[in-house]
> 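After the structure tokens below, expect a handful of questions from me.
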There are 2 protein chains.
Amino acid sequence: MPRLNFTRAMSKPETMEQRRADNIAEQLEELIFNGTFSDGDRLDEVRLAEQFGVSRTPLREAFQRLALSGLVELIPRRGAFVRQPGPVELMEMFEVMAELEAVCGRLAALRITDQALEELRDANSNCQAAVDARDSDAYYAENERFHRIIYQQSGNGFLAQEATKLHKRLKPFRRQQLRFRGRMAQSMAEHEHIVRALEMGTSDLAANTLREHVAVQGEKFHQLMATLKNAAE
Amino acid sequence: MPRLNFTRAMSKPETMEQRRADNIAEQLEELIFNGTFSDGDRLDEVRLAEQFGVSRTPLREAFQRLALSGLVELIPRRGAFVRQPGPVELMEMFEVMAELEAVCGRLAALRITDQALEELRDANSNCQAAVDARDSDAYYAENERFHRIIYQQSGNGFLAQEATKLHKRLKPFRRQQLRFRGRMAQSMAEHEHIVRALEMGTSDLAANTLREHVAVQGEKFHQLMATLKNAAE
DNA sequence: CTTGGCATTCTTGTATACAAAAACATTGAC
DNA sequence: GTCAATGTTTTTGTATACAAGAATGCCAAG
């Protein structure tokens, strides 16, 4: 006889208390992103367990989560292997990212609030300040804020969530890109165009501008490939 | 001193041998989809463990996977709760699905092979046969094949994967839809238009036709809401 | 009748134990 | 020297054990 009579989940308690396993998943993610582990590396359960000061159980739970997000491949009876996207998959992911952003932009052009527009302008001026100060960290932070606002203003929570997920996944690669000369300034200029399109409420223009902004083509393609080779060394 | 000197994963062995935990995740997914568990239900670890004849450990690993795919919400120290999308989230998901299909169509119009076109026509004639026989199961199977081909012909593996994932997630809701009068026939007709657009290689037409085909609007909206109410009773 | 606090029982989260499978190393044949 | 077979050791997958946190029930006070 089941005890818990509250078989229904009450309204989201929005508990931000994390279990240990969740933290471990995040930390592992970070270790993969920052290059401590690279493609093909095997994640040793016992060593990582020691390192994190926990037993294998929560680690294995973390592996499950990472596996579904694609960062790790779980090969039965063999272990967990880091799985970074190769050039082809990376291009594919950027292509999807560009399309997702375009959709967000198209919807946001119709639904964005005045307040959000103001925040976009604010993020943009912070970006400009970062460009002037050649502070790529600050630039990146504000750039992320800029895009996140657009995701949210699409008015489609699910879409915003998916876009955020992919954005996060591509973060390390995008970040490399910013180190190229003139990249920050160009990106800034594109942001201005995007804001203008959103202000005007022209869906198609907003969509196309965002797609172009995110798409990897022309010189950006070569830059991306260059960073990949560096990462592989 | 690490033992495994093969620290790199060899080329994908494409091992289809599943671990127990993977199977459990799939079975649970099925149980959620077919309505054995409905929104808000708590998944009892010990009971399910008995039911599946395993211990709690593999079950908990399965929970982790289901949590990331959104079917289950893991509340710390409280348990795993089934989380079915409500009307709003469902509409959002269909909107994203429509956009993903549109992108697939746009790319596929440029890249589709003659052989794939032939397969689309084949799937379509099977669909027609199913409509004539009023066999909604067969219709659904061929419909799925139809869409899957388009995903794959986008030439973007990552996109195809994401589209497939969402398609699967929406499966139970789409399936309900087919029971409405005339829905299968209308859907069939739209498929014809889609194939024609792909044949002609007109990207925009293919994209728009697919978007309209998948989008939930007008009468379809009411039908979807009706199925939701039925499911809640 | 409702409300609040305490004890009890159940449930989760984590650690540990153990069996099965995989990788490694050694030996021997060619 | 290369390669195959076999025994050893590591490593994974699962079961079990145990500690800490929730939920329930009970009792008393208002």
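In what follows, every heavy atom counts, from backbone to side chain, and hydrogens, waters and symmetry copies are set aside. First the proteins, then the strands, lettered A, B, ... as listed; each starts at 1.
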> For the pair made of CG in Leu59(B) and P in dA15(D), what is the distance, rounded to whole Å?
9 Å
> Counting side-chain heavy atoms from C-beta on, which of dA22(D), dG13(C), dG13(D) comes nearest to Arg78(B)?
dA22(D)
> Side chain of Val46(A): nearest nucleotide among dT11(D), dA15(C), dA15(D)?
dT11(D)
> Apply salt bridge (Lys or Arg N to Asp or Glu O under 4.0 Å) to the pair Glu162(A) and Lys165(A), showing each step before the final yes or no.
CA-CA 5 Å; Glu162(A) 293 295 309; Lys165(A) 210 163 25 172; 3.5 Å; yes
> Decide yes or no on side-chain hydrogen bond (donor to acceptor under 3.5 Å, both in side chains) for Asn34(A) and Thr36(A), but give the supporting numbers first.
CA-CA 6 Å; Asn34(A) 79 14; Thr36(A) 307; 2.6 Å; yes
> Between the base of dG13(D) and the side chain of Arg56(A), is there any donor-acceptor pair under 3.5 Å?
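Yes, the side chain and the base share a sub-3.5 Å donor-acceptor pair.
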> Identify which nucleotide among dT12(D), dA23(D), dT14(C) has an atom closest to any side-chain atom of Arg60(A), counting heavy atoms from C-beta outward.
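Ranking dT12(D), dA23(D), dT14(C) by closest atom to the Arg60(A) side chain puts dT12(D) first.
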> Send over the distance from Glu45(B) CD to dT16(D) C1', rounded to a whole Å.
14 Å
> Heavy atoms from C-beta onward define the side chain here; which of dG21(D), dT14(D), dG13(D) lies closest to that of Arg77(B)?
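So the side chain of Arg77(B) is nearest to dG21(D).
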> As a test of reading the structure: which of dA20(D), dT14(C), dA15(D) is closest to the side chain of Pro58(A), going by heavy atoms?
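Of the candidates, dT14(C) comes closest.
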> Evaluate the criterion side-chain hydrogen bond (donor to acceptor under 3.5 Å, both in side chains) for residue pair Tyr151(B) and Gln161(B); output intermediate values, then yes/no.
CA-CA 8 Å; Tyr151(B) 302 159; Gln161(B) 196 179 314; over 6 Å; no
> Go through the steps for Glu144(A) and Arg148(A) under the test salt bridge (Lys or Arg N to Asp or Glu O under 4.0 Å), then give the verdict.
CA-CA 6 Å; Glu144(A) 192 163 322; Arg148(A) 195 175 299 259; 3.1 Å; yes
> Could you say whether Leu43(B) or Thr57(B) is positioned toward the 5' end of DNA chain C, judged by the nucleotide with the nearest heavy atom to each?
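The answer here is Leu43(B).
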> Atom CZ of Phe63(B) and atom P of dG13(C): how far apart are they, to the nearest Å?
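So the two atoms are 10 Å apart, to the nearest Å.
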> Name the one of Arg106(A), Glu101(A), Glu99(A) that satisfies side-chain contact (heavy atoms from CB on, under 4.5 Å) with Arg211(A)?
Glu99(A)
> How long is the line joining CD of Glu61(A) and C1' of dA15(D), in whole Å?
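Going from Glu61(A) (CD) to dA15(D) (C1'), I get 15 Å.
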> What is the separation between atom CG on Leu48(A) and atom C1' on dT10(D), rounded to the nearest whole Å?
16 Å
> Calculate the interatomic distance between Asn23(A) atom CG and dG13(C) atom P; express it in whole Å.
14 Å
> Is there a side-chain polar atom (N or O) of Ser55(B) under 4.0 Å from OP1 or OP2 of dA15(D)?
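True: Ser55(B) side-chain N/O within range (under 4.0 Å) of dA15(D) OP1/OP2.
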> Could you tell me the separation between the CD atom of Gln64(B) and the P atom of dG13(D), rounded to a whole number of Å?
15 Å
> I need the CD1-P distance between Ile24(B) and dT14(D), as an integer number of Å.
7 Å
